[in-house]
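Worksheet for the structure shown next.
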Amino acid sequence: MAQKKKYVYFFGGGKAEGKAAMRELLGGKGAGLHEMTRIGVPVPPGFTMTTDVCTYYYDHRRQYPKGLADEIANGLGRVERILGRKFGDPENPLLVSVRSGARESMPGMMDTVLNLGLNDRTVQGLVRRTKNPRFAYDSYRRFVQMYGDVVMGLKPADKKERDPFEIILERKKEARRVRFDTDLTADDLKQLVAEYKAEIKKRLGQNFPDDPRAQLWGAIGAVFGSWNNDRAIAYRDLYRIPHNWGTAVNVQAMVFGNMGENCVTGVAFTRDPATGEKRFYGEFLVNAQGEDVVAGIRTPRLIAELKEVMPKSYAELDRVCKLLERHYKEMQDIEFTIEDGKLWMLQTRTGKRTGFAAVRIAVDMVDEKIISKEKALLRIEPDQLNQLLRPIFDPADKERAGREGRILAKGLPAGPGAATGRVVFHAEDAEAWKKRGERVILCRVETSPDDIRGMDAAQGILTARGGMTSHAALVARQMGKVCVVGCEAIHVDYARREMRVADTILKEGDWISVDGTTGEVMRGEIQAFPSEVLQVLLAGTLDAKASRVYQQFTKLIRWADGIRKIGVRTNTDQPDQARVAVAFGAEGIGLCRTEHMFFGGERIRAVQEMILAKDQSGRRQALAKLLSMQKEDFKGILDIMGARPVTIRTLDPPLHEFLPKTEEEIVELAETMGVPVAELKSKVESLHEFNPMLGHRGCRLGISYPEITEMQARAIFEAACELRREGKNPFPEVMIPLVATRQELHLQREIVEGVAREVMKSHGVKVRYLVGTMIELPRACLFADEIAREAEFFSFGTNDLTQTCLGLSRDDAGKFLPSYVAQGIYPEDPFVSIDQGGVGELMRIGVQKGRKVKKELEIGICGEHGGDPRSVAFCHEVGLDYVSCAAFRVPIAKLAAAQAALKR
Ligand code: ADP
Ligand code: MG
Ligand code: MG
């Protein structure tokens, strides 16, 4: 018989059955509680029901596995023995919390119930034991409210409705003429309990359960159930967390931060989660329970003040936090409660952080010899580097705003960066406005887990309440959003869709700017300015030594360079972008499209002339006009790239793209070209294709009109030879697109080689160059061995390869692809991240067959996927020589490439 599965793991009294490495089974929160207990940190005792229970529960129509009840009873018994209290005992009751906790933290998405085990009898026991009736009834009141909401489901029906419990609480405060719940007396709170219960009975037709065991099972079911509530599902979709993981449930003895002035609840980070600075950062509330801090009900006080209020407890907290950071070798985000001066830890986890903080913490920790360079590289999400490159506000424009009195308020800088947009007050509006193409700033009193989609849609987030550990701050950090929280000077009025700051009124749709680095909120638009990294690298307006951000950024990229095995090039046809890419350390150009050079000014005229020419000699005349212009373009780019390889693709798009479309445009062109309108029209019509993506394009153009390829080759080699004669060392790689057969490449290559020989001879110089092809058709992958005989390099054009492999037009897929991804038909958008099973398999075949014929064949990728971290990892694995991506993604690709090498 198979060994009986263990469903419940106990922790308490310095011993734990679980540990940090068991997060898959125990969830992140559970694993943290077990590990802290193990290393001697004070943690209230409790037990964890595994994620297996959750998956069982969902696989068996919400039934629990056999034996679970016994294991729970056993766990509860151990907690009772440690604390000398009994669950449900009217004399000395044990109260517990029932807490969710998945493998990956999903802050606030799932449910937790506190103070469970209270009823009209046990509350008396609590009164007697603590001699604090106010506290006992405050806990009872909170319990009924939370249980009524989370387990029984009494919540507002929609956004506009107010929380029924809050309405009753509000009424009570008004009747007693007090402002805070802390001012209510024990009797007030006792009445509230009765009123809450009556409301539950009235609205739901159910009695509030008095039996603590019934309460416990109710809460366990609700927490498992919360794994599949709408917001948890939305969150998992957003962060790609698998839906079948399930959550663990922790049942843990309560400790109380709401027992009086000697009690505190709080949250802290071992380093600043916004900037990464090494300083103990946290927030707390006196006489409160956990949820109060995160929910933004009162703006909490800074941890530094705790040092003054309760020096002993503070010292203990500081000690424990240092211990935890050292133990985990990672910045920790912790929850604590101080009950009557005694510190208890309730959670520890890897702290979410901004991109700025991620880089700073990783590099600092290497300098502090806490972690290795390799670990540091693995700790940063490649995409987070984006934040360090994003614009910041132009100081001059901000100063002007200041003089004009447009700096309205200052809150806490929770998510660095500059954001300008129009004010909206609801998450749904943020989504809707974004869809219309608007930039918005989501302004709220506080945010809740239901708002994440709207937060994602906004440029920036502004809240009136809550601290650096509030929900808004937490989520913004994770999303890399610009965010200012706890900006108490603003007064949001949802009903009137406006907010007031002193005597300024901002209505929905008004423009504001939010500086997430300083916390300032400004009326109107403020000009943005390049990031520190760009100021040093490109503009030269900042000295490298003056910018820690720049220094740490480059240090990190240098480490990545030392480790990665795969090269990183850039896709560009613009000299200024090429310059940016070189500054970021691009090692060449992987794709220089030539068609963009065909547009601008008089060029398009010459192109049109070529297309309209009746015969080859007409075409040659027109092409001659283009030659010198293309040559100058190539010269510019080859010059900037120095000796680095520059892959230049010959003409690719179908010719009709260069012709006018509307009647008016056709008439106008006919006039300037001196051809009859009818003739031009019929030419345009004759170029019409039913499916241009699969039509007369790519090398098919060069096969039909060899003179086009010839002209382009001439431009490339003239440019290269001229540079060579100036003593430079250009390195063009001529790339033929959309090749399906060896013969196609052979014909095009003959032309290029012929021109190269001729031009080099006439200049009397030799230039290094390669001729190769883009691999973007399935057939080319299958015949890669044949094609390799004609090619010195391959470059996977994964945009077209995805289209042709999946039979999916990128321009038309928008209508159904999102729903395909939502339904899991494709795990993700194949145009964003390589479809590894299909397109990836073709790539494998292409690499293998190509290299079989030519061991030294250079192989890269130039599709947009080259900047996607997962695709970069795939390219590394398949053995490509380089990836190529947009200039701004070069650092991201480098980090992703280093990570791929390390994960091997
Ligand atoms: P979340 O995942 O939403 O943070 P938690 O399970 O961590 O939910 O609990 C919510 C709040 O209640 C936290 O502030 C936590 O510290 C507090 N809390 C949970 N369990 C206890 C307990 N046993 N005693 C005191 N406070 C608790
Ligand atoms: Mg928590
Ligand atoms: Mg293509």
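All ligand and atom numbering here is 1-based and tracks the order in the structure. All values reported here derive from a predicted model rather than from experimental measurement.
- By the 3.5 Å distance cut-off applied to N or O atoms, Arg99 is counted among the residues near ligand 1.
- When hydrogens are left out, the protein atom nearest atom 9 (O) of ligand 1 is Thr112 CG2, 3.6 Å; that is the closest non-hydrogen contact.
- In this structure, the protein non-hydrogen atom closest to atom 10 (C) of ligand 1 is Glu291 OE1, 2.8 Å.
- Given atom 16 (O) of ligand 1, the protein heavy atom at minimum distance is Glu335 OE1, 2.7 Å.
- Looking only at distances, no side-chain donor or acceptor of Ser97 sits under 3.5 Å from a matching main-chain atom of Val113.
- For residues 240-250, the side-chain hydrogen bond (donor to acceptor under 3.5 Å, both in side chains) pairs, not counting sequence neighbours, are Thr48-Asn250, Arg236-His243, Asp237-His243, Arg240-Glu828.
- At a threshold of 2.8 Å, the Mg ion (ligand 2) has a backbone or side-chain N, O or S atom of Gln347 nearer than that distance.
- Contacts with ligand 1 closer than 4.0 Å are made by side-chain heavy atoms of Gln347 only, the backbone lying farther away.
- The closest protein non-hydrogen atom to atom 20 (N) of ligand 1 is Ser97 OG, 2.9 Å.
- Close N/O approach between Thr337 and ligand 1 is not found [any backbone or side-chain N/O within under 3.5 Å].
- A cation-pi contact links Arg78 to Phe10, judged by a cut-off of 6.0 Å to the six-membered ring centre and 45° from its axis.
- Side chains of Gln289 and Asn115: a donor on one and an acceptor on the other come within 3.5 Å.
- As for Glu335, its N/O/S atom nearest the Mg ion (ligand 2) is the one called OE2.
- Using a 4.0 Å cutoff on heavy atoms, Ala253 counts as a contact of ligand 1.
- A salt bridge links Glu17 with Lys6; the closest basic N to acidic carboxylate O contact falls under 4.0 Å.
- Of the listed residues (Val41, Leu324, Asp333), just one forms a side chain to side chain contact (heavy atoms under 4.5 Å, CB included) with Thr348, and that residue is Leu324.
- Scanning all protein heavy atoms for the shortest distance to atom 26 (N) of ligand 1 gives Leu346 CD1, 3.3 Å.
- Using a 30° and 60° split on the angle between ring planes, His34 and Phe11 fall in the perpendicular class, above 60°.
- Counting heavy atoms under 4.0 Å from ligand 1, residue Val255 touches it through both backbone and side chain.
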Leu68 vs Met49, test: side-chain contact (heavy atoms from CB on, under 4.5 Å). Steps then yes/no. CA-CA 9 Å; Leu68 178 70; Met49 273 164 261; 4.0 Å; yes

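- Per-residue contacts place Gln252 under 4.0 angstrom from the following atoms of ligand 1 (heavy atoms of the residue considered): 23 (N).
- Distance alone, capped at 3.5 Å, places no donor-acceptor pair between the Arg379 side chain and the Ala362 backbone.
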Check: residues 305-313 side-chain donor-acceptor pairs under 3.5 Å, at least two apart:
| residue | atom | partner | partner atom | Å |
| --- | --- | --- | --- | --- |
| Glu305 | OE1 | Arg301 | NE | 2.9 |
| Glu305 | OE1 | Arg301 | NH2 | 3.3 |
| Ser313 | OG | Gly341 | O | 3.0 |

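- Nearest protein heavy-atom contact of atom 18 (N) of ligand 1 is Leu114 CD2, 3.6 Å.
- Among all protein heavy atoms, the one lying closest to atom 14 (O) of ligand 1 is Gly290 CA, 3.1 Å.
- Residue contacts with ligand 1: Lys29 is included, with a non-hydrogen atom under 4.0 Å away.
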